[in-house]
Amino acid sequence: MSEITRRGFLKKGIAGAGIVAVSPSMLVSAAPGTAEENIIYRTLGKTGLKVPVISFGVMRSDNPSLCTAAYDKGIRLFDTANGYQGGNNETMLGNLFKNHKRDSFIIATKVKADSDRDGKPSDQTSPEKFLEMFNTSLSRLQMDYVDILYVHGLSTVELMEYKPLLNAIKKLKKDGKTKFIGFSTHSNEPLVISAAAEKEDWDVILTSYNYKHAAANELTSAIKKASAAGIGIVAMKTLAGGGWLDKERTKPMNTGAALKWVLSNPDVHTTIPGMTSFDQLELNARLLTDLSFSETEKNDLIADMADPGLFCSGCLNCISSCPRHLPVPDMMRAYMYAYGYASPSMAKDLLAEIKVTDDPCSGCETCTVRCSRNFNVREKIADVSRLADIPSEFLA
């Protein structure tokens with residue numbers, strides 16, 4: 001990365017062709033004379049949903065006024081999950097949209113299916129528990145159905161093809177409780193996306209995708225394959241670490257340029273950047289109508305490529321080199337939540353989910369893990385794992 005040149009970066013960008021201009025043929029425009037006339041839309045695969053290129057990742061937002069402002073600017077897809085903010089995230093959206101026409105907005109939520117440490121089905125993988133959690137989500141949202149239901153955090157083909165779970169989700173679609181089904185993926189993305197493209201089960205995939213992803217080329221190819229198969233592609237983790245390159249938050253990245261990099265790929269249909277302030281909304285809303293790159297933006301991305309940043313690509317290579325087989329990528333993601341997103345509570349929730357306690361490396365004198373991003377893995381684990389024993393009320 002540190003040796004990369006500007007010309008090389010542009011050549012190695014999206015689909016091997018660099019940062020590309022978005023042609024009019026990629027866009028679906030609103031009707032002339034409407035408030036959304038100039039907004040750039042793309043069709044979310046075979047769902048037929050026409051969505052603005054910027055959607056709203058609501059995960060960290062607890063401000064209904066911010067969501068209302070996003071809606072007023074033309075943002076229509078709002079992404080949440082059963083576990084976000086202990087369920088309060090879904091409740092907030094339910095209260096916000098209960099008086100809106102149901103076809104005037106799009107709600108996507110996610111439910112986690114239990115798996116073993118490798119992300120494969122286990123004795124704990126219960127379709128009944130998944131359905132119970134989803135019904136709780138519907139109740140919080142005060143809705144009869146959601147537009148998109150994702151299996152949250154899927155990282156293996158084995159879980160993706162696990163028939164008891166898959167059949168339960170398909171029945172939800174058949175019964176009208178969700179219009180479309182999909183999965184989100186933070187790691188092993190190229191493999192699971194490519195496998196999904198060869199099935200007819202999935203309507204939408206929510207995937208990590210950004211200019212610092214170590215497997216960007218493989219991931220781009222998998223996204224292209226899935227999009228060609230009619231699967232809608234939604235990109236998350238587009239800012240590669242929450243908008244900052246360092247723990248101290250002294251090195252901001254050019255977030256607009258990072259989003260434009262993702263959206264320069266026509267196979268990405270929309271993005272869900274997290275927003276917690278009106279300033280962030282204003283910056284992101286500009287991209288609703290303009291995805292063109294400035295020279296400054298290109299140069300900023302090139303400069304940032306040499307910095308390890310806070311984003312873990314989830315390559316999984318570290319797990320086999322850890323004698324305790326720790327879920328290192330998930331712990332690195334918790335570190336990113338704590339410092340890049342400035343959300344220690346999210347980090348703590350993830351640590352609890354993956355059953356990591358304080359100081360999991362205790363007694364292991366020499367760390368054998370080698371990170372492809374040159375992270376000091378042992379140092380980061382020691383830092384973030386401390387949150388496991390801190391009471392939640394002190395991390396709000």
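Worth saying up front: this structure is predicted, and the values here are computed from it rather than measured.
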Basic-acidic side-chain contact under 4.0 Å: [X], [Y]:
{"X": "D144", "Y": "K177", "value": "no"}
{"X": "K170", "Y": "D201", "value": "yes"}
{"X": "R102", "Y": "D147", "value": "yes"}
{"X": "D383", "Y": "K380", "value": "no"}
{"X": "K110", "Y": "D79", "value": "yes"}

V377 vs V328 side-chain heavy atoms within contact, under 4.5 Å: yes

Would D175 and K171 count as a salt bridge (charged side-chain N to carboxylate O under 4.0 Å, His left out) here? Give the steps. CA-CA 6 Å; D175 292 345; K171 189 174 188 303; 2.7 Å; yes

Checking the side chain of [X] only, and the main-chain atoms of [Y] only, is there a donor and an acceptor separated by less than 3.5 Å?
{"X": "R117", "Y": "P327", "value": "no"}
{"X": "R140", "Y": "N82", "value": "yes"}
{"X": "T68", "Y": "P64", "value": "yes"}

Taking the inter-plane angle between the rings of [X] and [Y] on a 0 to 90° scale, is it parallel (under 30°), tilted (30 to 60°) or perpendicular (over 60°)?
{"X": "H100", "Y": "F97", "result": "perpendicular"}
{"X": "H186", "Y": "H152", "result": "tilted"}
{"X": "F183", "Y": "W202", "result": "perpendicular"}

Would K129 and D114 count as a salt bridge (charged side-chain N to carboxylate O under 4.0 Å, His left out) here? Give the steps. CA-CA 9 Å; K129 180 181 177 182; D114 287 332; 2.8 Å; yes

Kindly give the heavy-atom pair with the smallest separation between [X] and [Y], and that separation in Å.
{"X": "I148", "Y": "L77", "value": "CD1-CD1, 4.3 Å"}
{"X": "L310", "Y": "Y339", "value": "CD1-C, 4.3 Å"}
{"X": "I319", "Y": "L326", "value": "CG1-O, 3.8 Å"}
{"X": "R42", "Y": "N265", "value": "NH1-O, 3.2 Å"}
{"X": "H269", "Y": "V51", "value": "O-CG2, 4.0 Å"}

Among residues at least two apart in sequence or on other chains, which ones pass side chain to side chain donor-acceptor pair (under 3.5 Å) with N188? none

Would you say that more than 12 heavy atoms from the other residues, nucleotides or ligands in this model lie under 6.0 Å from the CD of E132, or not? no

